[in-house]
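Reading through the structure tokens given below for one structure.
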Amino acid sequence: MPADAINALADQQAAADPLRQPMLGFSGGLRWLWRQLTSMRTALILLFLLALAAVPGSVFPQRGASPLRVGEYIQDHPTAGPLLDRLGLFDVYAASWFAAIYLLLMVSLTGCIVPRCVHYARNLRSVPPATPRNLSRMPEHRSFTTSAPPTEVLVAAGTALRGTRFRLRPAESGAQDSVAAEKGYLHELGNLVFHVSLLVLLVGVAWGSWFGYHGTVVVVEGEGFANTLTQYDDFTPGRGFSTSLLAPFSFTLDSFDATFLAEGPRRGQPDGFTADVTYRETPDSDPKTQRIEVNKPLAVDGAKVFLLGSGYAPAFTVRDGEGDVVYSGAIPALPQDPSFTSNTVVKVPDAQPEQLGFNVTVTPTAPDQVDPSTGPRSVFPEMDDPRVYLGAWGGDLGLDSGVPQNVYQLDTSAMEQLGRKDLAVGETWKLPDGRGSITFDGLSQFANIQVAHDPGRWLALLAAVAAIVGISMSLVVRRRRVWVRVTPDDGDRTLVEVAGLAQTEWAMLGDEVDTVLAALPGAPVAEKEHV
Amino acid sequence: MSSESWAHLSNALVYSTIIVLSVALVAFAADFALGTGRRRSNQRKQHKLALQRSGASDGAVATEAPTEAPADDRWARVGVSLSTLATVLIVGAVITRGISAQRPPWGNMYEFTVTAVATLMVIWVAMLPRRPEWRDLGLIVVLFNLLLLGVAVLVLYTESAELVPALKSYWLWIHVTSAIIASSIFTVGSLASVLYLFAERYERRSSAMTQGGVRDAIGARLPSSKQLDTVAYKTIAFAFPLWFFAVVAGAVWAEDAWGRYWGWDPKETWSFVTLVIYAAYLHARATAGWRGRPAAIIAIVGLAAFLFSYFGVNIFFVGFHSYGGV
Ligand code: HEM
């Protein structure tokens, strides 16, 4: 059997001509379908399809990553947008056609790998095949004549091959003129480990996305978070998620610090985030403290708490026309540029005689002069000289209209503008017409925090590592056979042939054959090849 | 020396590399035009055959004098010397850039590219003593690296500076280093596949006696298609596990930085596409009817996907990865 059984099998399957096969009825048809599905050629085509199918996910915006951009895209392309949406192109990796491709590939892989594993296990103790008749047809072949007797050559060959961990075909009764040896069974093992690991990897990924969840929340310095659904700003559960899977931890953001490069060509770029938190694994457990940094999340009870970004939250106290404090607290502002010029809105529905609303622009480091065309722009992202720019409105905030409002937008349709003013920390603006006052109490930072739980990630990692080990093993180790045959010459000399065959062509085979050759009595001194 | 003068030194080394590589390109082109490539490889092959087939007796040395006079390879040797010099220069450029920025110098696209060129050159030059046939790749390797350096200097240049926080992790070392090495080796393999197509066509048509045109002229000057095919297979098979590892290391890093190990970010998507295409190449090599030309074409598509994940993604798409500077 010159070529490897596995390769030959795969080739046969690929080359099987469906038209030549006799009609086998329903079960025969099924078997034929199965053979097609598990053939190398099908695997190859499915691999191609998988690569191709993954591409549109990088071309079109995806719901999972940026739902807002998907909405914009559909608005900008009123004809193509909905069509693309129906085809699942905004959610490629959850689309049924994408799933169909990788599931087919996995079925094909299973169908291909199970028989190979069985075959491998059966052949664990197998014996190298007998020496072929014509060794000179092998890709590597050497011969020489020697005065040493045949048995001596064969014994030397056996010792040399065993010494390099070849498996030898046991001597048979009768004519014994050759040694047959084989090595490199780890190649097939590595290949099987690799392919099985791919299946396990998919199980790990699926497990994680089924039972996992992730969500984001904005937490202002000094405030806290408890891991319950209502506290999240945004939450994405897996399909198998239930609230009982939420680990009952909580934490307080004791302090949060974002630093930025103060000089150099990247001035203003983030340099580091640190958040000091006090957390409890369960409501009754002891509080512990930890520092969270970028790349260093907090791990509690299987969930991980990450810092995604930061921003500023200005704190205000608002008094109404009757002198009562009607608003007090910090409100997160949305960063608009890399220097953290941020916008937010303060709504004060309880103010008397009329409701109040404020448009707020925050600059952590105020500019010397405000450019009227752009409005106020922060000159540095750190809190060096905080300032707020307020536009005050009085009237009806429209909160009772029943239409849900954007918390970052003021509906001024039923309001009149009361004026504009900018404030430094501690300053107060007395509103006109005795409507009250607003005090800028200070600026604190907020952290954009993500909580993620992926129960399948260890399985996925384990499978990935096993896959790398397996594929390396199969690419480093070659399965190969070496034969030594002795034929008594006319006189008292012995003709010795040494030949080698590798499963896939392999440059080192010649060297290996040369090594065996060199160990035989009377072998020619091989000369290194010069080029 | 100050950080800035180290950065200037690094830039000067990059420019010197470009000049030296350009001269090397001329030398390899001259060697190519003289058409010695195929003759040299054929000689090597015959020499090897002579060694293998001769039934030498006791102690006799199995050699046969090469049948032809040694081919003139002066120009190729000039090209190799200059390439070695260029390799030293570009490695120097990477090191000085690292000293200037005080971190591993692969934190943005410009630095990735310069480091990738250095890696490619080191791999290629270091393999020459062991694999003489790799010298015949000289023209295309040097040309490719010159193009990369041109893009780096003209399009991607970024001042030496600190990294954004997400890039400050030892996974940066592991992930990016393995990605650069793997991709450099993939590149060698796929470039060999490009040459394979020319050589294979030349050989196919030489039996049909219908040669002519530029493509056959190129084919006539190349090593045999079998040699090129072997170079392509070995390099890609070697780089594949390394690339797999780079992708996994990237996932581990993403898990720590962004809270998920895989999010189909455009960069992740394209590195996955690259992985799958090279897996298809390895499969094609083991599938009847797909060896040879189809496999070579898959290898070239793999390089195209990789180049896109490298340049295209940062330029065309918005994603987490684009914050490294263009
Ligand atoms: C899930 C996607 C798959 C990936 C990423 C993949 C990847 C690979 C890689 C990288 C190799 C090269 C290893 C080597 O040369 O030893 C390989 C070999 C192989 N694969 Fe796959 N494979 C996949 C699916 C399949 C399927 C579905 C089959 C069954 C039809 C299959 C059968 C084989 C066989 C028989 C080999 C050995 C080829 C040889 O003898 O060199 N693979 N695979």
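Residue numbers start from 1 in every chain, and the chains themselves are labelled A, B, ... in the order their sequence lines are given, proteins ahead of strands. All of these numbers come straight from a predicted model, not from anything done at the bench.
Contacts of Y213(A) classified as side-chain contact (heavy atoms from CB on, under 4.5 Å), with partners at least two apart in sequence or in another chain: N227(A), Y232(A), F235(A), F241(A), L246(A), A303(A), V451(A), H453(A). Looking at residues two or more places apart in sequence or on another chain, you find a salt bridge (Lys or Arg N to Asp or Glu O under 4.0 Å) between E255(B) and K304(A), R457(A).
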Set out, in order, the CA-CA distance, both residues' side-chain angles and the distance that settles side-chain contact (heavy atoms from CB on, under 4.5 Å) for W270(B) and V55(A), then state yes or no. CA-CA 7 Å; W270(B) 279 91; V55(A) 170; 3.8 Å; yes
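The two atoms that bring P241(B) and I468(A) nearest to each other are O-CG2, 4.3 Å, heavy atoms only. When every heavy atom of M40(A) is checked against every heavy atom of T287(B), the shortest pair comes out as CB-OG1, 3.6 Å. Annotation for F244(B) and A464(A): closest pair CE2-O, 4.2 Å, computed over non-hydrogen atoms. Closest approach of A54(A) and T269(B) over heavy atoms only: O-CG2, 3.2 Å. When all heavy atoms of L475(A) and A237(B) are compared, the closest pair comes out as CD1-O, 3.0 Å. Here the closest heavy-atom approach between residue L44(A) and residue A280(B) is recorded as CD1-O, 3.1 Å.
Each of I298(B), L275(B), I277(B) has some count of heavy-atom pairs under 4.5 Å with chain A, and the biggest count is that of I298(B). Chain A forms more heavy-atom pairs under 4.5 Å with one residue of W264(B), W290(B), F272(B), Y261(B) than with any other, namely W264(B). Among D454(A), L46(A), I45(A), V305(A), the residue making the largest number of heavy-atom pairs under 4.5 Å with chain B is D454(A).
Considering CG of N191(A) and CG of L282(B), their distance stands at 10.0 Å, rounded to 0.5 Å. From W262(B), atom CH2 reaches atom OG of S209(A) across 14.5 Å, with rounding to the nearest 0.5 Å. Atom CZ of F240(B) sits about 4.5 Å away from atom CZ of F194(A), to the nearest 0.5 Å.
Taking the six-membered ring where the residue is Trp, H195(A) and H283(B) present tilted rings, their angle falling between 30° and 60°.
Using a 4.5 Å cut-off between heavy atoms, A460(A) touches chain B through its side chain atoms alone. Contacts between V252(B) and chain A at a heavy-atom distance below 4.5 Å involve the side chain alone, from C-beta outward. With a 4.5 angstrom heavy-atom cutoff, L461(A) touches chain B only via side-chain atoms.
A 6.0 Å sphere centred on CZ of F48(A) holds more than 12 heavy atoms belonging to other residues, nucleotides or ligands.
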